[in-house]
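Working notes for the structure below.
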Amino acid sequence: LGGHGLMCHDPEASALVCKAVKGAIGHLPLFAKLGNYSPDERGEATLRRVIEATVPYVQVYSAVNAVPVPVVGEDGQAALLGEGRQLAGVCGVALKSTGLDVVRRLSRIRVSMSYNFAIIGVGGLATPADYEAYLQAGANAVQGATGPMWNYRLAVEIAEAARTELTANTR
């Protein structure tokens with residue numbers, strides 16, 4: 001949007017792009033990745049408008065993308081040098097609460113409006129408990145990137161925890 005915001009905060013622009021992409025891919029499912037929405041009424045209204053505008057085209061929403069924040073050093077000055085680098089996308093564990101919040105809100109919208117889209121939870125997946133938290137929040141699937149970079153066994157640990165829970169529940 002020309003440096004004036006995120007497309008996922010603009011219902012009309014999001015709908016135009018999603019409609020065009022869906023027209024190009026036909027019957028293939030369209031996934032749309034969402035960012036953060038403020039936890040106030042304005043953020044909730046924006047998220048609802050974006051979903052209402054794009055749900056005719058989107059089958060899966062992924063939440064959340066890296067959140068742009070100011071990155072500063074201990075001295076309070078910009079840590080990243082260069083023009084246009086005052087903000088940087090923060091990801092990993094720092095995104096867990098934001099990701100869970102947006103997934104919960106998406107899940108509530110899905111239920112209240114009887115929509116049939118899937119949700120992929122993203123942000124801060126570092127333990128099997130994080131995986132379970134996303135499922136409890138309403139995610140149909142959970143995606144990890146930074147967590148598996150730090151712990152190459154993360155997927156195995158999640159599978160083992162799920163197997164242990166399944167075994168305990170069948171007794």
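Here, residue 1 is the first one in the sequence, and each next residue gets the next number.
- Note: Arg163 CZ to Ile158 CD1 = 12.5 Å, rounded to the nearest 0.5 Å.
- Between Leu95 and Thr146, the closest side-chain pair of non-hydrogen atoms is not below 4.5 Å.
- At most 12 heavy atoms of other shown residues, nucleotides or ligands fall within 6.0 angstrom of atom NZ in Lys19.
- Without hydrogens or angle criteria, Tyr61 side chain to Val55 main chain gives a donor-acceptor distance under 3.5 Å.
- Counting all heavy atoms, side chain and backbone alike, Ser107 lies closest to Ala137 at CB-O, 3.6 Å.
- For the residue pair Asp130 / Thr127, a side-chain donor-acceptor distance below 3.5 Å is found, with atom types taken as modelled.
- Atom CG of Asp40 sits in a crowded spot, with more than 12 heavy atoms from other residues, nucleotides or ligands closer than 6.0 Å.
- Residue Thr54 holds its OG1 atom at 10.0 Å from CD of Gln59, rounded to the nearest 0.5 Å.
- Here the closest non-hydrogen pair linking Val93 and Ala126 is CG2-CB, 4.1 Å.
- Distance check, rounded to the nearest 0.5 Å: NE2 of His9 to CG of Asn36 gives 6.5 Å.
- Put simply, the residue from Val103, Val122, Ile51 that forms a side-chain contact (heavy atoms from CB on, under 4.5 Å) with Leu34 is Ile51.
- In terms of modelled atom types and a separation under 3.5 Å, the side chain of Lys22 and the main chain of Leu28 share a donor-acceptor contact.
- Contact annotation: the side chain of Ile109 approaches that of Tyr115 to within less than 4.5 Å [non-hydrogen atoms, C-beta and beyond].
- Leu100 and Leu125 fall within a single hydrophobic cluster, where Ile, Leu, Val, Met, Phe, Trp and Tyr side chains are chained together by heavy-atom contacts under 4.5 Å.
- Of all the heavy atoms in Leu106 and Phe117, the pair that sits closest is O-CZ, 3.7 Å.
- Side-chain contact between Gln143 and Tyr134 is absent, with no heavy atoms from C-beta onward closer than 4.5 Å.
- Within the 4.5 Å cutoff, the side chain of Pro128 has no heavy atoms near those of the Glu165 side chain.
- Side-chain atoms of Arg49 and Glu12, non-hydrogen and from C-beta on, never get closer than 4.5 Å to each other.
- Considering all non-hydrogen atoms of both residues, Ala79 and Gly73 come closest at CB-N, 3.8 Å.
- Val102 and Val60 sit in two unconnected hydrophobic clusters of ILVMFWY residues. Membership requires side-chain heavy atoms under 4.5 Å apart, directly or through other members.
- Atom CD of Glu44 is separated from atom CZ of Arg48 by 5.5 Å, given to the nearest 0.5 angstrom.
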Quick one, Leu135 with Val142, criterion side chain to side chain contact (heavy atoms under 4.5 Å, CB included). Give me CA distance, side-chain angles, the key distance, then yes/no. CA-CA 8 Å; Leu135 296 181; Val142 184; 4.2 Å; yes
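- Tyr37 is not listed as a side-chain neighbour of Asp101, based on a closest heavy-atom distance of 4.5 Å or more.
- Hydrophobic clustering, with ILVMFWY side chains joined whenever heavy atoms are under 4.5 angstrom apart, groups Val50 together with Met113.
- When all heavy atoms of Ala53 and Pro56 are compared, the closest pair comes out as O-CD, 3.7 Å.
- In this structure, CD1 in Ile25 is found 13.0 Å from OH in Tyr57, a value given to the nearest 0.5 Å.
- Interatomic distance, Leu30 CG to Cys18 SG, rounded to the nearest 0.5 Å: 5.0 Å.
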